[in-house]
Amino acid sequence: MGKEEQPIFTTRAHVFQIDPSTKKNWVPASKQAVTVSYFYDSTRNSYRIISVDGAKVIINSTITPNMTFTKTSQKFGQWADSRANTVFGLGFPSEQQLSKFAEKFQEVKEAAKLARDRSQEKIETSSNHSQESGRETPSSTRASSVNGTDDEKASHGGSAEAQLKSENDKLKIALAQSSSNVKKWETELQTLRESNARLTTALQESAASIEHWKKQFSACKEENDQLRSKIEELEEQCNEINKEKERNAQLSRRLQELETELQDKELELEELRKQGEIIPQLMSECESVSQQLQDAENKNKDLEEKVRTLRTEVEESKHRQTNLKTELKNFLDVLDGKIDELHDFRQGLSKLGVDN
C-alpha cells in the first residue's frame, strides 16, 4: 500500500478461502475475526480489498466491474477473484454488517466500472487526436509555405515539419502502447471471463454437491433414527431375555432345593419305616418301662411320705433345739449372775483377810 492508497471502509469478519483441491469446501484463513478494509489508489484509480492477520496478508483482491458479491446466508458472503484464482468468503457477526459490506462492494464496483470507462474514453480520444494530427500535417505545411518569403517559408516549414513529425512519432508510440494495452486488457478480460465461468461452474457444482450431501445427510439421519429404534427394541428384547433367564435360574435353584428336600423326606420316611418295624418291641419295652415307672412312682410316694415324716421330725427337733437354746441362755444368764456373786464374795473375803 502506497501513500496514495487510503482506506475508505473498514469492518471485521472471519476470512475463508475455497479449498483449491476440491473447489467445494471452505478453509479458514484466519483463526479469529480480523480487519477487512476497502482501499482506493488515487494514482492507479483502482480499488482493493485488503486484510492482514498479524504479518500475513490473507486478502489482496483488486475489484473489477465483473466481480459479484453474493450473500449465501444471513451472515456470510463471498466473491470470486480470477486474478488470485480463488474465492474469498467472509463471516460477519451480524446481518447488518454483511449488508453494509455488500453495499460498499457494489458502490466500489460501480466506481471501478466508471474508472474503466473513463480510461477507455481517454485512449480513444488520444487515438483520434493522433489520427487527426497526421491528416492535418500537410495542410499546415502548405499554409506556412504560402505566407512570408522563401527563406522564411523554408525555415518555418522545416521546423514545423520536424515538430509535427516528433509529435506524430510520440502519438504513434502512445497509440501502439494503447493498442497493446487494449489487447492486454482484452486478453485479461477474456481470462477473467473464463476464470469467472470456471468459478461459476465450480460454485454450481458446489451447490449441487451441497444438495447431494444434504440428501445423503437426510437419508443417513433417517437410517440412523431407524437403527436407534431397532437398537432400542433389541435392548428391550435383551432386557426381557435377561429377566427370563433370571426367572429360569430362580426356578432351577428352587427345583434343586425341592429335589434336595424330597431326598431328605425320603430318607426320613425310610427311617420311619425302619422305626415302624421295631415299634412292637418298643411297645413291650414301653409297657415294661411303664410298670417300672409305676413301681418307681409308688416308691416315690413312700419316699415322699418318709420325707414328710422326717421334715416333721426335723421341725420338732428344731423346736426342741430352740427351747434348749432358750433354756441354755437362761442358765448361762443365771450362771453369770452366780459367777458375779462368787466374784463379789471372793472380793469380800479378800477384804476381810486384809483387815485381820
Side-chain angles (χ1 to χ4, degrees), residues 11-36 49 51-54 56 58-59 61 67-82 84-106 195-260:
T11 185
R12 290 184 68 83
H14 286 83
V15 181
F16 299 85
Q17 287 188 14
I18 202 72
D19 189 349
S21 59
T22 62
K23 298 293 184 182
K24 297 177 181 179
N25 301 324
W26 288 106
V27 178
S30 62
K31 295 181 180 179
Q32 57 188 359
V34 295
T35 301
V36 182
I49 299 176
S51 178
V52 179
D53 186 8
K56 181 182 178 182
I58 54 179
I59 299 179
S61 177
M67 287 184 178
T68 302
F69 185 82
T70 306
K71 296 180 182 179
T72 57
S73 67
Q74 292 183 348
K75 298 180 181 180
F76 192 87
Q78 65 183 47
W79 78 95
D81 189 341
S82 58
N85 194 24
T86 187
V87 179
F88 293 103
L90 296 178
F92 293 89
S94 65
E95 185 178 0
Q96 184 180 4
Q97 292 181 359
L98 172 61
S99 299
K100 288 183 179 179
F101 188 89
E103 292 172 1
K104 197 64 181 179
F105 192 98
Q106 186 64 28
S195 178
N196 195 18
R198 287 196 301 270
L199 290 172
T200 302
T201 303
L203 186 61
Q204 291 174 353
E205 291 177 355
S206 176
S209 177
I210 289 172
E211 292 298 327
H212 175 68
W213 284 112
K214 283 183 179 178
K215 291 179 181 179
Q216 284 192 350
F217 178 75
S218 299
C220 290
K221 189 176 180 182
E222 292 178 0
E223 186 177 357
N224 191 20
D225 293 337
Q226 292 176 359
L227 289 174
R228 284 183 179 176
S229 301
K230 289 182 179 179
I231 288 172
E232 291 177 356
E233 292 176 359
L234 290 173
E235 287 179 350
E236 291 179 358
Q237 292 178 2
C238 288
N239 291 331
E240 292 295 331
I241 291 171
N242 291 331
K243 290 180 181 178
E244 189 66 27
K245 285 182 178 179
E246 187 176 354
R247 286 196 292 268
N248 290 336
Q250 292 177 353
L251 291 173
S252 298
R253 289 194 296 269
R254 181 57 182 165
L255 182 60
Q256 291 177 355
E257 292 175 357
L258 291 173
E259 289 177 351
T260 303

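Every value quoted in this text rests on a predicted model; they were computed, and no experiment measured them.
Crowding of Gln96 atom CD: a count of heavy atoms from other residues, nucleotides or ligands under 6.0 Å not exceeding 12. For Arg228, the CZ atom is loosely surrounded, since the number of other residues' heavy atoms within 6.0 Å does not exceed 12.
Residues Ser99 and Lys71 come closest through the heavy atom pair OG-NZ, 3.3 Å. Nearest heavy atoms, Gln97 versus Arg12: OE1-O, 3.9 Å. When all heavy atoms of Glu95 and Lys75 are compared, the closest pair comes out as N-CG, 4.1 Å.
Here the side chains of Thr68 and Phe105 are not in contact, with every heavy-atom distance at 4.5 Å or above. In this structure, Lys56 and Val52 have side chains that are not in contact, with every pair of non-hydrogen atoms separated by 4.5 Å or more. Under the 4.5 Å side-chain criterion, counting only non-hydrogen atoms from C-beta, Ile49 is in contact with Phe101. With contacts defined as side-chain heavy-atom distances shorter than 4.5 Å, the pair Gln74/Ser94 does not qualify. With contacts defined as side-chain heavy-atom distances shorter than 4.5 Å, the pair Phe69/Leu98 qualifies.
For the atom pair CD (Glu246) and NZ (Lys243), the distance works out to 9.5 Å, reported to the nearest 0.5 Å. With rounding to the nearest 0.5 angstrom, the CD atom of Glu259 is 4.5 Å from the CG atom of Leu255. In this structure, CG on Asn248 lies 9.5 Å from NZ on Lys245, to the nearest 0.5 angstrom. Atom CD of Gln237 and atom CD of Glu235 lie 11.0 Å apart (nearest 0.5 Å). Once rounded to the nearest 0.5 Å, the distance linking CD of Glu222 with CG of Leu227 reads 12.0 Å.
The existence of a salt bridge linking Lys100 and Glu103 is excluded, since no basic side-chain nitrogen approaches an acidic carboxylate oxygen closer than 4.0 Å. With respect to the salt-bridge test (charged N to carboxylate O, under 4.0 angstrom), the residues Arg254 and Glu257 qualify.
Using modelled atom types, one finds no donor on one side chain facing an acceptor on the other under 3.5 Å when comparing Ser30 with Asp53.
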Please walk me through it: do Met67 and Asp81 pass side chain to side chain contact (heavy atoms under 4.5 Å, CB included)? CA-CA 7 Å; Met67 287 184 178; Asp81 189 341; 3.7 Å; yes
Could you go step by step and tell me if Glu244 and Arg247 meet the salt bridge (Lys or Arg N to Asp or Glu O under 4.0 Å) rule? CA-CA 5 Å; Glu244 189 66 27; Arg247 286 196 292 268; 2.4 Å; yes
Verdict with supporting geometry, Asn25 and Ile18, side chain to side chain contact (heavy atoms under 4.5 Å, CB included): CA-CA 6 Å; Asn25 301 324; Ile18 202 72; over 6 Å; no
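With sequence neighbours excluded, the residues forming a ring-ring contact (aromatic ring centres under 6.0 Å, His included) with Phe76 are Phe16, Trp26, listed by chain and number.
Using modelled atom types, one side-chain atom of Gln17 and one backbone atom of Ile58 make a donor-acceptor pair closer than 3.5 Å. For the pair Ser51 (side chain) and Thr35 (backbone), a donor-acceptor distance under 3.5 Å is present.
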